[in-house]
Amino acid sequence: MRKIDIGKELQHLIGKEKVKSSLDWRVIYSYDGTPTGYRGIPDVVVFPETTEDVSKVLAFANEEKIPVYPRGAGSGLTGGAAPASDGGIVISTEKMNRILEIDEDNLGVLTEPGVVTYDLQKEVEKRGLFYPPDPSSYKYSTIGGNIAENAGGPRCVKYGVTKDYVMQLEVVFADGTVANVGSKAVKSVAGYNLKDLIVGSEGTLAFITKAYLKLIPAPEAVRTAMAIFPKVEQAAQAVADMFKAKVIPTACEFLDKNSIIAVENYAKLGLPTYAEGLLIIEVDGYEAIVDELINRVAEVCKKAGAEEIKIATDLQEREAIWTARRALSPAIVQLKPKKINEDVVVPRSRIPDLIKNVYKIADKYNLMVVNFGHAGDGNIHVNFMYEPEEEDRVEKAVREVFILTLDLEGSVSGEHGIGWMKKEFLPLEAKDALEKMKAIKRALDPNNILNPGKIF
C-alpha cells in the first residue's frame, strides 16, 4: 500500500469540514458503550452529509485497502462501532440526520441513518402514527445503528424487533457502489432478500444511508401493572400463562431479587426486598379493550402466586411503576465499580432454569450477579458486577452463562449484537452457519473493508 495522508486525501474528496484527524477527535471516536473501552484509535474520523460522500469515502478506502468502521451514536454494548485495532476510518452518521418524508398514505417514513430513534418516534406520533422498536438507548441511539444491530426493546414482545419495520434500504457497498435493497411495497418476494441480510449485519456488509420504515396506527390507550412474586418460578409461570390467556403484552419486564434490592436501596420506592421476582406488564390497544386485557393480566399473576398487584389508574401511577425499571441502570452501578452486561435469550419456559443456574455460576466464582430484562420474549440481561481484580473470574463465568444458555435452547445475544465482545462465543451457537456468513460476505465483496475482524 502506497504511503498516503488519509486525512488530506479525504478532505480533498468530500471537504475539509467533514474530516477530523486530530488526536482528540480520533480518541473520542475510538470506543463505544462497551464497558471494557476501546481497542484501537482510527487514523481519521469522517462526517459525511450525503450518500455521495459515503460512496467517495468507501471507494477510496477500498482502493487503498483501509479498514472502515461505520458508526451511529456509539451507544452499542459489544464494540460494534469501535475500531478493532489502530488505524482505519471511522464514518459517523451524525450529520445524516434528516427525516426525509413521512408517507401517511402508505404508513411509512423515509429517514437518514443518523436520526435519533426517539426523535423519529415523536415526529410520527404527531400524525397519529407509531414506530414501535424501543431499545433502552432509544433517546440517543440512531436508526442506522438500530438497523445494523437489529435492535429490540421492551415492546418487541408484541410488536417485533427492528427488522420487522425495515422495508427498503439505500446502502453503499465496500467498493462505493450505491444500491437499493428491499421495496416500499408491502409485498415483495422477488430475488434474494439482501435487505434482511444487511439488517443485523453490524456494519460488515454495507453502509446504510437511507431507510424506509413501516409505521402503524398509534394505539388508543395503554394500561400498566406491577406484580410481586415470592418465587422467581411464579413470575416465569405468569409470563407463560399470559400468552395462554390470549394476552400479548406490549411489554413484560422482569426484575430478580438482586435487582429489586438494588433499586430499593437506590430509589426508595417501597419495593419488597424479600421478593424473588417482579413483573412490569403493559398492554395497549383500543380504549374499549385495554381494561379487560389488564384485568386478565392481574388474574393470571394472582393465579401464578403474586402477593401484590398494582394497576396504574393514571399517567402518574404508570410513570411510578416504570420508575422501578428505569432506575435499574443507575442503581446497579452503585454496587461495584465495573459491570459486564450480557443479553442472553431463552424460551420463556426456561427462564427459571436460566436464573437459578446463573446464580449457581455466580456462587461458583464468588461474583455478584443481577438479572433483569424482557421476560415476555425470554431475553434476560445477566449483569456481573465486579472489582477490577475479579475480571478473570468474570470472563470464565460469562463463558459458562453462554454454554448454559445454549443448553437451554437459547441464543448468546437477544438484542446487543456480537461485535468484538462476543466474537469468540458466536461459534458456540452458530459454527456451521458462521462459515456460510463468511461466504456471503466474500460473495458480496471479496475485498470487503467494512468493520474488519467484527463478527466474521
Side-chain angles (χ1 to χ4, degrees), residues 6 9-15 17-19 44-72 80-81 88-101 103 106 108-115 120 142-150 162-163 165-185 188 190-214 440-452 454-455:
I6 297 174
E9 293 278 352
L10 290 173
Q11 288 175 2
H12 175 72
L13 281 174
I14 66 170
E17 71 283 358
K18 301 174 187 176
V19 181
V44 65
V45 185
V46 178
F47 300 88
E49 296 179 6
T50 65
T51 300
E52 184 182 7
D53 286 346
V54 175
S55 177
K56 288 179 178 179
V57 173
L58 289 182
F60 164 76
N62 186 65
E63 182 178 346
E64 300 296 337
K65 300 296 181 288
I66 301 169
V68 171
Y69 304 96
R71 180 186 177 96
I89 303 168
V90 168
I91 306 182
S92 170
T93 63
E94 288 173 55
K95 293 187 177 182
M96 301 180 73
N97 60 0
R98 297 177 299 159
I99 297 174
L100 301 172
E101 177 191 8
D103 185 355
N106 294 298
V109 56
L110 181 64
T111 178
E112 291 183 326
V115 173
L120 183 139
T142 60
I143 290 295
N146 289 176
I147 294 170
E149 297 287 338
N150 194 16
T162 298
K163 71 178 177 64
Y165 297 87
V166 178
M167 296 181 68
Q168 186 179 59
L169 296 173
E170 179 189 84
V171 299
V172 183
F173 290 108
D175 62 355
T177 303
V178 180
N180 282 296
V181 294
S183 173
K184 290 184 178 180
S188 174
Y192 294 129
N193 192 349
L194 294 182
K195 179 257 298 180
D196 275 7
L197 274 178
I198 290 168
V199 176
S201 64
E202 301 185 34
T204 60
L205 298 181
F207 192 105
I208 299 162
T209 49
K210 291 186 180 72
Y212 185 81
L213 307 173
K214 179 175 71 174
I440 290 168
K441 186 178 180 183
R442 290 192 297 269
L444 285 174
D445 191 324
N447 298 309
N448 202 322
I449 42 79
L450 286 164
N451 260 351
K454 301 295 180 69
I455 315 177

- request: Would you please name every residue forming a ring pair (Phe, Tyr, Trp, His ring centres under 6.0 Å) with Phe47, sequence neighbours left out?
  value: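 Listed in chain order: Trp25, Tyr29.
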Those residues that, when tested against [X], pass side-chain contact (heavy atoms from CB on, under 4.5 Å) (two or more places apart):
X: Ala206; result: Val171, Phe173, Ile198
X: Thr177; result: Asp175
X: Asn97; result: none
X: Ser183; result: Ala185, Ser188

Ignoring hydrogens and geometry, is there a side-chain-to-backbone donor-acceptor pair from [X] to [Y] under 3.5 Å?
X: Glu112; Y: Arg98; value: yes
X: Lys195; Y: Val166; value: yes
X: Thr111; Y: Ala211; value: no

Any idea which heavy atoms bring [X] and [Y] closest together, and the distance?
X: Val172; Y: Ser55; value: CG1-CA, 3.8 Å
X: Ala61; Y: Ile89; value: CB-CD1, 4.1 Å
X: Asp53; Y: Glu49; value: OD2-N, 2.9 Å
X: Pro70; Y: Gly203; value: CG-O, 3.8 Å
X: Thr142; Y: Gly72; value: OG1-CA, 3.6 Å

Nearest 0.5 Å please: distance from the [atom1] atom of [X] over to the [atom2] atom of [Y].
X: Ile91; Y: Leu10; atom1: CD1; atom2: CG; result: 8.5 Å
X: Lys95; Y: Glu17; atom1: NZ; atom2: CD; result: 6.5 Å
X: Leu213; Y: Thr162; atom1: CG; atom2: OG1; result: 8.5 Å
X: Arg71; Y: Thr93; atom1: CZ; atom2: OG1; result: 9.5 Å
X: Ile14; Y: Lys56; atom1: CD1; atom2: NZ; result: 8.5 Å

Any residue meeting salt bridge (Lys or Arg N to Asp or Glu O under 4.0 Å) with Lys214, in chain and number order, not counting sequence neighbours: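 Lys214 satisfies salt bridge (Lys or Arg N to Asp or Glu O under 4.0 Å) with no residue once adjacent residues are dropped.
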message: Once salt bridge (Lys or Arg N to Asp or Glu O under 4.0 Å) is applied, do any residues pair with Lys163, and if so which ones, sequence neighbours excluded?
response: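 With sequence neighbours excluded, Lys163 shows a salt bridge (Lys or Arg N to Asp or Glu O under 4.0 Å) to no residue whatsoever.
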task: Would you check, one step at a time, whether the test side chain to side chain contact (heavy atoms under 4.5 Å, CB included) holds for Leu58 with Leu450?
output: CA-CA 9 Å; Leu58 289 182; Leu450 286 164; 3.9 Å; yes
Pairing residues for [X] by the side-chain hydrogen bond (donor to acceptor under 3.5 Å, both in side chains) criterion, not counting sequence neighbours:
X: Ser92; answer: Glu94
X: Glu170; answer: Thr51, Thr209, Lys210
X: Asp103; answer: Asn106, Tyr212

task: State, yes or no, whether a side-chain contact exists between Pro113 and Ile147 at a heavy-atom distance under 4.5 Å.
output: no
- request: Apply side chain to side chain contact (heavy atoms under 4.5 Å, CB included) to Val54 and Met96, showing your working.
  value: CA-CA 10 Å; Val54 175; Met96 301 180 73; 4.0 Å; yes
- request: Give a yes or no on whether Glu52 atom CD has more than 12 heavy-atom contacts from other residues, nucleotides or ligands under 6.0 Å away.
  value: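 Open.
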